[in-house]
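In what follows, a structure is listed as structure tokens, so that the remarks can point back to it.
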Amino acid sequence: MILGTAGHIDHGKTTLVRALTGVDTDRLPEEKRRGITIELGFAPLTLDGVGTLGVVDVPGHEAFVRTMVAGATGIDLALLVVAADEGVMPQTREHLAILQLLGVRRGVIALTKRDLVDDEWLALVEDEVRSASAQALPGAAIVATSATTGEGIDALRAELARLAGSLVPRDDSDLFRLPIDRAFTIKGTGTVVTGTVWSGRLSRDETVRILPGNKTARVRGVQGHGAQLERALPGSRSAIALAGVDVEDVPRGSTLVCDADWHATQHARADVTLVPDADIELRPRAWLRVHVGTSEVGARIVTRAASGGTFAARIIFDQAVVLRAGDRFVVRTSAPLNTIAGGVITDPYALKRAKLWPVGLGVADRLARLVSEAGGQGVPFASIPVRAGVSPVAARALVAEPAVGAELVAGKLVVSRELLQALDAAAQAAVAEYQRMHPLEGGAPAQVLRTGLAAAPDIADWVIQQGLASGRLKSTSGLIHEPNWSPTLSGSNELLAGRVLSELDSAAIEPPSVQELSGTIGEDVTAILRYLERQGEVVQVEAERYYRVQHLKSLIDRLRAAMAGGVEASPSEIREALGVSRKYLVPLLEYCDRVGYTNRHANGRVWVGT
Ligand SMILES: Nc1nc2c(ncn2[C@@H]2O[C@H](COP(=O)(O)OP(=O)(O)OP(=O)(O)O)[C@@H](O)[C@H]2O)c(=O)[nH]1
Ligand SMILES: [Mg+2]
């Protein structure tokens with residue numbers, strides 16, 4: 001669990017962290033010299049009955065609010081610090097707004113420097129703080145402390161322990177993600193990054209990807225609160241030693257992930273909320289700074305309605321960032337520096353011109369919309385944890401929810417049930433049409449049906465399989481047809497078939513090719529020949545040549561007799577015996593090999609059939 005400080009400059013955040021943990025987190029010479037915090041500070045805080053929390057100490061200076069946001073992202077509890085002698089100041093309010101935008105709702109308020117004020121003053125400041133924090137940290141306890149006298153430190157500890165004990169631990173079966181807040185090189189160890197594990201777990205020797213650059217690295221070691229660990233757990237401050245990357249490859253703002261479905265993205269849909277007292281109206285394509293995870297990038301916020309309350313928007317980022325549905329972000333203007341809005345990512349992988357969704361959709365509604373937008377391509381199931389913002393375990397149950405109206409197809413694609421019904425009807429209609437157009441064929445080849453359906457091949461196959469499984473379609477020799485359908489010869493085709501058969505009859509053991517036959521008859525007879533083959537009247541011996549069955553049979557009988565006793569017959573001996581020219585002989589012998597009458601040896605063939 002992570003505790004993050006917040007509050008105006010000089011109000012005593014770092015001093016209070018030291019009083020609680022014994023660690024001075026202001027380590028930089030410049031911090032010492034100026035007496036202010038510039039970079040994030042980290043310290044472990046051990047609480048009775050709870051265990052160890054990671055503390056992130058943030059700067060209060062107005063110029064370093066971006067650093068404060070990077071520190072406050074991913075925390076579970078806030079420690080808002082207000083100096084009792086000064087009371088609520090501008091960054092008290094700004095940090096409170098940021099906590100609220102980031103969804104950090106729980107915390108404690110410390111009124112520091114208690115030793116500098118009398119009781120009456122303290123009571124006034126307490127009232128002021130209570131009303132300023134009512135929105136962001138509703139119900140937070142207010143504890144007066146003094147780092148000088150030690151007053152209130154134990155009470156603060158007790159309140160922190162109570163709060164920490166009431167938190168639900170993060171799900172460690174979820175996808176691993178760690179937004180990097182620091183990167184450095186340690187002699188002998190190499191590149192080390194630190195951050196709060198937002199979700200999932202990471203073990204030594206695993207391979208991680210670093211987004212947005214998409215480099216990979218091996219986890220050489222994991223440290224938490226200074227100790228070597230087997231794995232980093234969700235909600236913990238962790239230092240990860242990485243083999244295979246330089247420190248320049250992993251700057252603050254990049255993210256460590258493992259699963260393949262994380263991508264860096266530049267287009268997202270989001271619900272955006274303006275800070276109530278920000279006193280600003282967003283222009284329709286306003287260019288702003290967006291802080292998400294530990295990254296801060298320029299972005300355009302495209303929206304129709306941008307006044308008051310919460311509205312839907314598309315965000316176009318100048319640089320790719322790592323997003324998951326449900327992620328909170330903060331929006332700031334750069335001149336003047338001001339926190340003006342924030343929100344929740346509703347779709348991390350929006351298409352360029354994605355339609356805006358209504359605000360406040362639940363996860364099932366959002367998935368239903370993604371599924372409907374994906375149409376015949378479906379939504380890859382594996383992408384749902386990131387796209388919908390649920391754990392892989394919860395993704396299964398989510399897909400099955402009636403409100404989503406979808407089916408898991410082929411174990412990997414989530415497809416609108418309505419669309420599947422339409423595809424099923426289209427497949428039935430396509431089969432009926434194929435039968436009408438090709439009355440002599442046994443049905444439609446699966447490939448023809450598949451390409452005719454407006455859906456990804458896996459989805460089309462699934463639809464066809466469903467039709468077969470339910471008995472509404474049937475498959476015979478790989479051809480798909482209606483259950484009661486069989487090819488038939490109608491009037492003119494019957495005449496044609498008669499002519500084909502009599503031509504082949506009279507050609508005997510040297511039948512014409514399909515093309516020659518079509519020429520003689522004056523019409524393409526390919527379909528008739530295929531039909532006659534299925535009826536057992538003719539046999540296709542080579543690609544372009546069919547034999548009448550009885551003539552082929554007499555040839556085979558003669559061949560068997562010529563090769564009796566297991567003799568190996570040479571091609572010329574066989575030609576002699578059969579009395580056919582070489583043009584016919586070679587394809588005929590290949591046919592005999594293929595169907596298992598003969599075997600080819602070095603100098604001839606032997607009979608192996610019955
Ligand atoms: N008298 C008194 N002084 C305090 C107390 N807590 C902090 N101070 C003093 O207030 C000054 C600022 O304290 P810091 O802890 O550096 O304040 P901060 O909030 O961390 O400041 P930034 O990180 O720069 O925003 C220091 O000189 C502290 O000694 C307290 O309880 N009593
Ligand atoms: Mg400080």
Side-chain angles (χ1 to χ4, degrees), residues 2-45 53-73 75 77-99 107-119 121-126 128-129 132-133 136-137 140-157 159-160 181-182 237 332 337 339:
I2 310 293
L3 173 71
T5 61
H8 197 72
I9 185 166
D10 253 358
H11 276 201
K13 297 179 290 298
T14 305
T15 307
L16 188 57
V17 168
R18 191 177 51 207
L20 288 167
T21 66
V23 177
D24 180 5
T25 54
D26 279 351
R27 299 148 295 132
L28 302 177
E30 194 187 349
E31 292 181 316
K32 294 275 184 234
R33 190 163 45 78
R34 295 171 65 183
I36 62 166
T37 302
I38 295 168
E39 264 304 325
L40 298 175
F42 303 100
L45 168 62
L53 270 66
V55 180
V56 179
D57 182 42
V58 304
H61 194 296
E62 62 174 332
F64 306 140
V65 175
R66 54 191 297 198
T67 309
M68 182 273 170
V69 178
T73 190
I75 67 174
L77 294 173
L79 174 57
L80 178 72
V81 169
V82 183
D85 57 339
E86 270 198 333
V88 173
M89 295 292 283
Q91 269 63 55
T92 314
R93 294 193 192 280
E94 188 168 15
H95 286 193
L96 276 168
I98 289 166
L99 291 174
V108 193
I109 299 167
L111 290 185
T112 53
K113 312 195 187 182
R114 164 73 182 99
D115 52 293
L116 298 182
V117 299
D118 59 23
D119 291 353
W121 181 265
L122 184 71
L124 288 172
V125 171
E126 194 174 327
E128 184 194 27
V129 168
S133 64
L137 297 173
I142 300 180
V143 183
T145 63
S146 167
T148 312
T149 66
E151 182 184 342
I153 302 295
D154 287 341
L156 181 60
R157 236 174 219 292
E159 176 57 14
L160 287 171
D181 49 38
R182 274 191 307 166
R237 286 292 313 164
R332 305 189 77 227
L337 278 171
T339 299

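Just follow the structure's listing: the first ligand is 1, and inside any ligand the first atom is 1.
Interface atoms of ligand 1 facing I36, defined by a heavy-atom separation under 4.0 Å, are 24 (O). Taking every heavy atom of T14 and a limit of under 4.0 angstrom, the matching atoms of ligand 1 come to 15 (O), 18 (P), 20 (O), 23 (O). Short contacts between ligand 1 and I9, defined as distances under 4.0 Å to a heavy atom of the residue, involve ligand atoms 24 (O), 25 (O). In summary, the atoms of ligand 1 found under 4.0 Å from a heavy atom of L116, numbered by their order in the structure, are 1 (N).
Shown here, atom 24 (O) of ligand 1 is in close reach of the protein: a heavy atom of it lies under 4.0 Å off.
T112 and T145 share no side-chain donor-acceptor pair at under 3.5 Å. Inspection of the D115 and T149 side chains reveals no N or O donor paired with an N or O acceptor under 3.5 Å. No donor-acceptor contact under 3.5 angstrom links the side chains of E86 and H8, judged on distance only.
The closest approach between any non-hydrogen atom of S146 and ligand 1 is below 4.0 Å.
By the 3.5 Å distance cut-off applied to N or O atoms, A147 is counted among the residues near ligand 1. Ligand 1 has no nitrogen or oxygen under 3.5 angstrom from a nitrogen or oxygen of T145. Taking any N or O of L16, backbone or side chain, none lies under 3.5 Å from an N or O belonging to ligand 1. Checked by distance only, ligand 1 and H11 come closer than 3.5 Å through their nitrogen or oxygen atoms. Considering backbone and side-chain atoms together, T15 places an N or O closer than 3.5 Å to an N or O of ligand 1. Between D57 and ligand 1, not a single N/O pair is under 3.5 Å apart. Checked by distance only, ligand 1 and G60 come closer than 3.5 Å through their nitrogen or oxygen atoms.
The protein atom (non-hydrogen) at minimum distance from atom 32 (N) of ligand 1 is D115 OD1, 2.9 Å. Among all protein heavy atoms, the one lying closest to atom 17 (O) of ligand 1 is G12 N, 3.1 Å. Of all protein heavy atoms, the one closest to atom 21 (O) of ligand 1 is D10 N, 3.0 Å. Among all non-hydrogen protein atoms, the one lying nearest atom 18 (P) of ligand 1 is K13 N, 3.4 Å.
Taking 2.8 Å as the criterion, T14 counts as a coordinating residue of the Mg ion (ligand 2), since one of its N, O or S atoms falls below it. Metal site remark for the Mg ion (ligand 2): T15 contributes no N, O or S atom at a distance under 2.8 Å.
Ion pairing of R27 with E31 is absent here, as no side-chain N (NZ or NE/NH1/NH2) approaches a carboxylate O to less than 4.0 Å. Taking 4.0 Å as the cut-off between side-chain N and carboxylate O, R114 and D119 count as a salt-bridged pair.
Counting heavy atoms only, T37 comes closest to atom 22 (P) of ligand 1 of the residues T37, D26, V17.
With a 4.0 Å heavy-atom cut-off, ligand 1 is reached by no atom of V81.
Listed by chain and number, the residues in a side-chain hydrogen bond (donor to acceptor under 3.5 Å, both in side chains) with E126 are R130 (sequence neighbours excluded).
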message = Between R33 and D26, does the salt bridge (charged side-chain N to carboxylate O under 4.0 Å, His left out) criterion hold? Intermediate values first, please.
response = CA-CA 10 Å; R33 190 163 45 78; D26 279 351; over 6 Å; no
